[in-house]
Structures are given as C-alpha cells and as structure tokens.
Amino acid sequence: MTRMIAVATLAGLAAVCVASTSLAQDMTPPRILFLSKSEGFEHSPVAVKDGKPCLAETVLGQLAQENGSPFKSTKDASLINADNLKNYDLVCFYTQGDLTKPSKDGGAPMGEKGQADLVEWIKNGGRFMGFHSASDTFHTPADGEVTPYLKMVGAEFTGHGGQFKGTLKIVDPMHPAMENVPKDWSFPEEWYLFNHFNTATMHVLALLDPGEDGAKQEKYRIAPYPSIWCSALGKGKVYFSSLGHREDVWESPTFQKSIVDAGMWLMAPGTEGTEPNYDKVVPKEAPKK
Ligand SMILES: [Zn+2]
C-alpha cells in the first residue's frame, strides 16, 4: 500500500515536471531592451566604469542569456520609439530623470513622442519591467498632472532616507513573480518613498515594513506601503520593483530569481495576476510609535 502511494506520487511529480518543462519550452524567449539612461543622479549599478558593462547590464544580460533571450542594453533613449519597439517583447528601465534631456552618461535623449510611444506599445501587448529609479523618471510637472509614464509605472518617487534593513512582506505569495522569495524578505537597501500610487490599477505584491530599524528615521515611521507591484495596461503588463539601489541587491540570487520569475510571468499570455488589490492589502492607519 505504502509502495503504491509512493509510485503514484512519483508519477504525479513526473507529470508536473513534464508539464512545466514543456511550458517553458513553448515560450519563445522574449527579445529584451534594457535602458539605463540617467539624466541626473547615476546609480552605481548602471554606471559604466572603465568601459565595462554596468552591473545591472551584466546581471540582466546573464539572466537573458540563460533564458535564450536576445538582449540589448543601452543608454540611448531615442531607441524608445514606435518603430524600434516593434523589435522587442520586454522593455526594462533602470532610468532616472527627464529622458528627453541630454545626460552626462552620454545617453541620447528620447524623442518627444517616446513616452507616448512606450505607453501605446504596452497597451498593444508590450511588457515593461521597472527598477528603483524608473519611478524617479518623467516626474509630475508643475501643472500637477501625473505623466502617462508614471501612471503606467504605478507610483512616483518622492525621496528616501538613509539605508536600513527593512522587511518586504509578500502579500501575494502565490503570485508567479513572488514564488521564490521569502514571505518576510529582509535585507539592507535604500528604501524609496512614493506618492501618486495608481490605486485603481495596482496589484500589490510586496509591502515594505520599515520595522524598528526604519523607525529610527522620522520619514519611515509610517505604515507598511507598496514596494513591489504589477498591473495590466490594455493587452500589456507592467512589473515594478523599487529595489536595486545597492550592488549587493543585484548580486543577490534571490533578487535575480525574482527578476526571472517576473519576466516569465510578464511574458505569459493574458493578464492573470493583475487584479487591483491596493485597498485590500495596504494598511490605512499609520502604526503608533
Ligand atoms: Zn537609489
């Protein structure tokens, strides 16, 4: 009896393995474009030193290669245009500032239509992945109207304090993009603060709990708030992770696995896993300290 159960279990496992292998094989590796132009502050993971590829390019390029994905890394924001976007399935941004302006990193400016072209491309089925200062890009202008780009990303960077060890509380651990990260994922990082959350579309994946370490700084004496999220936009999908300031975060196998998982989820057909949940999972009251 025991033996029969063991055999049945093994057969079941084999069936699951075959199914997941063929799923991965069926998926054509996405053609990836990675933009890392910084108009103002340039983060060390996107800084080119001694002509060598930056750390984020090295990590993303390696992950793409392991997945069989064609991968182009650039600081040339003019490549974000309707014609060129037809050549890609997934666009990743670790950018900063107004990308239509010249920058010290030598990255050519985006054309005036670039922002609208990117959003339109996503609506028509494109996939977007943003890291860290991708939320510090195309800020809300003085007229107060949030830019189409930031509405797409899902929130706007407002600032940060000193680095500390925070805990990411995974609020949707069953989500394919989160299945290989710890449910309480703690590490030191520069934790971004936000406003203009696009609460109508956002599917929150992880909240930052600043905890006791964070509460040493006034600006982090706040309730847990979204730090990783995703959304649907038309036929396309968006994933944003506020992580990635520190080089050791990029070097972390857990972070790297989360990028692969997010990429696989983004490229899967349909928009499952994007149901808006902001009002359900984000605490309304600030914790009393
Ligand atoms: Zn940073």
Side-chain angles (χ1 to χ4, degrees), residues 34-49 52-60 63 73-75 77 91-99 101 103-107 128-140 146-147 149-150 152-169 181 185-197 204-211 213-222 224-230 238-252 254-256 258-259 262:
F34 172 48
L35 179 67
S36 61
K37 176 182 163 75
S38 312
E39 182 219 342
F41 178 75
E42 185 182 55
H43 280 88
S44 70
V46 297
V48 174
K49 291 169 202 132
K52 295 195 189 104
C54 66
L55 175 61
E57 172 182 341
T58 303
V59 170
L60 292 175
L63 297 176
S73 173
T74 186
K75 292 187 184 289
V91 169
C92 303
F93 269 34
Y94 187 157
T95 50
Q96 195 282 328
D98 182 344
L99 302 179
K101 292 188 175 160
S103 49
K104 274 188 247 157
D105 62 14
F128 180 89
M129 189 184 291
F131 297 103
H132 199 56
S133 53
S135 60
D136 185 20
T137 298
F138 286 132
H139 276 277
T140 302
V146 179
T147 55
Y149 169 85
L150 279 180
M152 176 276 288
V153 166
E156 179 165 7
F157 165 78
T158 56
H160 62 78
Q163 297 180 21
F164 63 92
K165 188 174 180 180
T167 301
L168 288 174
K169 301 273 181 191
V181 299
W185 184 16
S186 298
F187 52 95
E189 177 59 297
E190 178 194 83
W191 298 105
Y192 267 16
L193 295 155
F194 302 99
N195 65 4
H196 294 141
F197 281 112
V204 182
L205 295 169
L207 302 171
L208 172 72
D209 183 353
D213 206 6
K216 291 173 190 162
Q217 301 178 60
E218 173 92 46
K219 61 178 66 176
Y220 291 107
R221 279 176 213 148
I222 51 177
Y225 63 90
S227 191
I228 305 175
W229 58 80
C230 61
V238 173
Y239 172 90
F240 176 78
S241 172
S242 68
L243 315 184
H245 175 88
R246 290 170 59 108
E247 297 186 7
D248 58 2
V249 169
W250 280 94
E251 287 158 353
S252 144
T254 307
F255 179 63
Q256 292 181 8
S258 76
I259 294 172

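This chain uses plain numbering: 1 for the first residue, then up along the sequence. Atoms within each ligand, like the ligands themselves, are counted from 1 in listed order.
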By atom name, which N, O or S atom of [X] is the nearest to the Zn ion (ligand 1)?
| X | answer |
| --- | --- |
| His43 | NE2 |
| His245 | ND1 |
| Glu190 | OE1 |

Centre-to-centre under 6.0 Å for Phe194 and His196, is that the case here? no
Name the orientation class of the two ring planes belonging to His245 and His43 (parallel below 30°, tilted from 30 to 60°, perpendicular beyond 60°). perpendicular
To the nearest 0.5 Å, how far apart are NZ in Lys37 and CD in Glu42? 10.5 Å
Tell me whether Ser73 contacts the main-chain N or O of Glu57 through its side chain, where contact means a donor paired with an acceptor under 3.5 Å. no
